[in-house]
Amino acid sequence: MATDTKRRLVIVESPGKVRSIAQYLGEGYLVEASIGHVRDLPTGAAEVPAKYKGEKWARTGVNVENDFEPLYVVQADKKATIRKLKDALKGVDELYLATDGDREGEAIAWHLLQELKPKVPVKRMEFHEITPDAIRAAVAAPRELDTDLVDAQETRRILDRLYGYEVSPVLWKKVMPRLSAGRVQSVATRLVVDKERERMAFRSASYADLEVTLDAAGHDPDSFTARVATAAGLKVASGRDFDSLGKLTTKAVHLDLEGGQALADALAGASVIVDSVEAKPYTRRPYPPFRTTTLQQDAGRKLGFTAQRTMSVAQSLYEGGFITYMRTDSVTLSGSAVAAARAQVKELYGASYLPEKPRVYSSKVKNAQEAHEAIRPAGDNFRTPQETGLRGDEFRLYDLIWKRTVASQMKDAEGQTVTIAMTATPSAAVEVADATTGEVRALDRAGLSASGRTITFPGFLKAYVEARDEGDADDATANLPAVEKGEKLAVAGVEAEDHATRPPARYTEPSLVAKLEELEIGRPSTYASIIRTITARDYVFKKGSALVPTWLAFAVTRLLEDHFTELVDYQFTAGMEDILDEIAKGNADRVQTLKNFYFGSDGRDGLDSLVNDLGEIDARALSTFHPVGGEESGIAVRVGRYGTYVEDADGNRANVEEDLPPDELTVEKARELLATPAGMERELGADPASGNAVVAKNGRFGPYVTEVLPEGSPKSAKPRTASLFKDMSLETVTLDQALQLMSLPRVVGAIDGEEVTAQNGRYGPYLKKGTDSRSLENEDQLFTVTLEEATAIFAQPKTRGRRAAVAPLKELGNDPVSGKPIVVKDGRFGPYVTDGETNATLRKADSIEEITPERAAELLAEKRAKGPAPKKTPTRRTTTRKAPAKKSAAKK
DNA sequence: CAGTGAGCGAGCTTCCGCTTGACTT
């Protein structure tokens, strides 16, 4: 065989794989990483190349009128990667695109091809585990790029862009700026909202049950407990017999504590006979190895990690070569991993714990793409946690992964479940009233039941026990004595216990992610960031580990449900995945798919017509709710721009705390809020002149001071109020300052017989003379300005604002169109260029230092092309003053 | 949500999925 002297470049996605793959391939192979995607649709106007700027579709980067042609740009932070790959390409004879073997990986390969434009032969190489055999086999059997699969990815990408960039602006107009909607986040939010709705509609039922302690002398153990399961042949109601409205759904006796106590008393001296003893074998299989979601769930439950923390610790374990790739939907172990796990089982637990054949797991995830292995310890020989030398979070997470992997190759746990049924006959019949119907029943006998489980062989449980969420506790593990049918037992004690049914539990981070996975929404690489997004938008907040929706989420979800019903349907993504699969197989057409989505089909409205028909969306109605149980209360809960508030029929309002879960906003709570004045209030003291208390409050327009008029003051009497100056704060303002502020407006004097006053207003401090007014430079002038100065100010024209006199920052020659000189000026909205007629603000990418005359002319031309600014629609009264600070989610 | 008078160059916000450093404290 001739020596192969060809040099080849292999491009993978993750830099973490480069070293081992290079090692497996040996000489002649140069391995580099693309570090994920290299191109994408432009994020915003700043990324759109100049030649497309004027296009209608530049905002989304998708030309919907030309078969949804996408515009791709190499993001700034990827330019260096492309340059590096191009350099690497220069010295090779062949290119192997070894990006992940899934939809996104195929697209990355295609984008690389488009950007690198290689002159050498190109092959697509695919592998699903990083072992020497797998890598060598992959390089020996390359394939062609699958353009159908790329089509499927592009369809997914374009659809997500159109959804996100068309629907979000609807929310800006109708609810609040900066909000967002998207295929994944909007459904995630809706899930959390729906759960809260269930909790709000939930009505608790209370019921009693009885626990009987039985004497089993002569056995081991010599006593055990049983439940009263039936009374007079009828089932005794327990939690699962009630529906979410607290109604009994089965034919059963509903005991209240009193009835339970009466029955308990009657059973205290009862004789008990064993009716049956049933033993069933019990086996339990180990859990499959971890994938991203199950790792996040278990690390959340056992280690208390957030999804984000889990992923960040896993990332460092991956980079350190301790575990395999952590973003995966596969539960498959490579052959060498199975061998490693089995070797370790034998070594640590003995051959009796090892199944004859390796266990094989297959993914239950419907849209699993299986580009990677399961998450497991790296290598062909697993290191025990102690051997790794890891510490802290890394040790704990590795330990979890190691145990789960080893346990997945162990034998089933085996044991028995035993159920004992007994009849108790009270010494005298007792009468008990049914708590639901009021019917009085004579209870002459009760059926008792006890169950327990014994483990005879622990199997995998020796290595690993999965933690459970609270609420599904498995308490049937008690060990029971070996009593026999017909045996008589004595009652050692009876206790009646009161219970109440509980509303469905809220989602936690891991349980929401698990639900999303079940609905085929989101991908392993995004699970952690989904929660970050809906938290950053203030749709959801955490209370302990529970995810609680805000009223804002209720408003947004309702808007989407009412007007974009299909888009927040829980099956929407699953349906989309089916179509994408058809595209990937070459059975469906991407353009037709996108047309159906965007322009509609068979009488169904498309996205385009939905977002362009906003007249019907009644923002006020969408943002109005009732407190829990308060449909008739006359109290409304409203989501406003400054937060959520309650309002009664008289128009009284009160803020709702941001961290109050919606299901706790009952009518009583709303009344309580309305009874106590809104927001923070600080007493500053009494005005020595009037004796009135002076308080500082937060209002619609920011912090202000006001006085409390004595009770019985005439209704026409208005308290003096005044906004704080900008350099004052609610926490530190003093009584003296407050009194001075409230002394405004100050009469400065008179000009031409007209009184001049200095006062603080909506646009800041100003002088007023009849109907004429002038702004003041600063707030202190309200107290210091003299009549002389005021006269001079009124002698100036009105536009003597601080901006007018500002000199140009830079001159940029003459505009080629108007012929007039272009200058850069600093204005209210930051730097802008102007030729005296047309003004254009500099974009994010521009700077005063670097702007060229050409760029300035371009900005002006763009602005002229847009025509006159659209007439502002009359908005509700707003203010330039800052809204009360909202918890702002720091964006990374 | 307190209650008060101008006229002025707007542009940007936003999606989902793939992958790591480079930043600052």
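Labels below follow one simple rule: chain letters A, B, ... track the order of the sequence lines, proteins then strands, and each chain is numbered from 1.
Residue A:Tyr704 and nucleotide B:dA2 are classified as a stacked aromatic pair, their ring centres being separated by less than 5.5 Å at an interplanar angle below 30°. Here A:Trp172 lies parallel enough and close enough to stack on the base of B:dT13, with planes under 30° and ring centres under 5.5 Å apart.
Nearest nucleotide to the side chain of A:Asn655, out of B:dT20, B:dC1, B:dG11: B:dC1. You'll find that the side chain of A:Asp40 is closest to B:dC16, out of B:dT14, B:dC16, B:dG3. Comparing B:dA2, B:dC18, B:dG21 against the side chain of A:Ser723 picks out B:dA2 as the nearest. Ranking B:dG17, B:dC1, B:dT14 by closeness to the A:Arg653 side chain, first place goes to B:dC1.
Using a 4.0 Å cut-off between charged side-chain N and carboxylate O, A:Glu755 and A:Lys769 make no salt bridge.
Looking at A:Arg156, its side chain comes within 3.5 Å of the base of B:dC16 through a donor and an acceptor atom. The base of B:dC15 sits with one of its N or O atoms less than 3.5 Å from a complementary donor or acceptor on the side chain of A:Arg157.
Side-chain contact check for A:Thr293 and A:Glu517: at least one donor-acceptor pair (N or O, by modelled atom type) lies under 3.5 Å.
The side-chain hydrogen bond (donor to acceptor under 3.5 Å, both in side chains) test with A:His372 is passed by exactly one of A:Thr324, A:Asp100, A:Asp329, A:Thr328: A:Asp100.
If you check every strand for non-hydrogen atoms under 4.0 Å, A:Gly36 touches a base. Using a 4.0 Å heavy-atom cutoff across all strands shown, A:Thr834 reaches no nucleic acid atom at all.
Rounded to whole Å, the distance from CD on A:Glu166 to P on B:dC15 is 14 Å.
By the 4.5 Å heavy-atom criterion applied to side chains, A:Leu179 and A:Leu552 are counted as neighbours.
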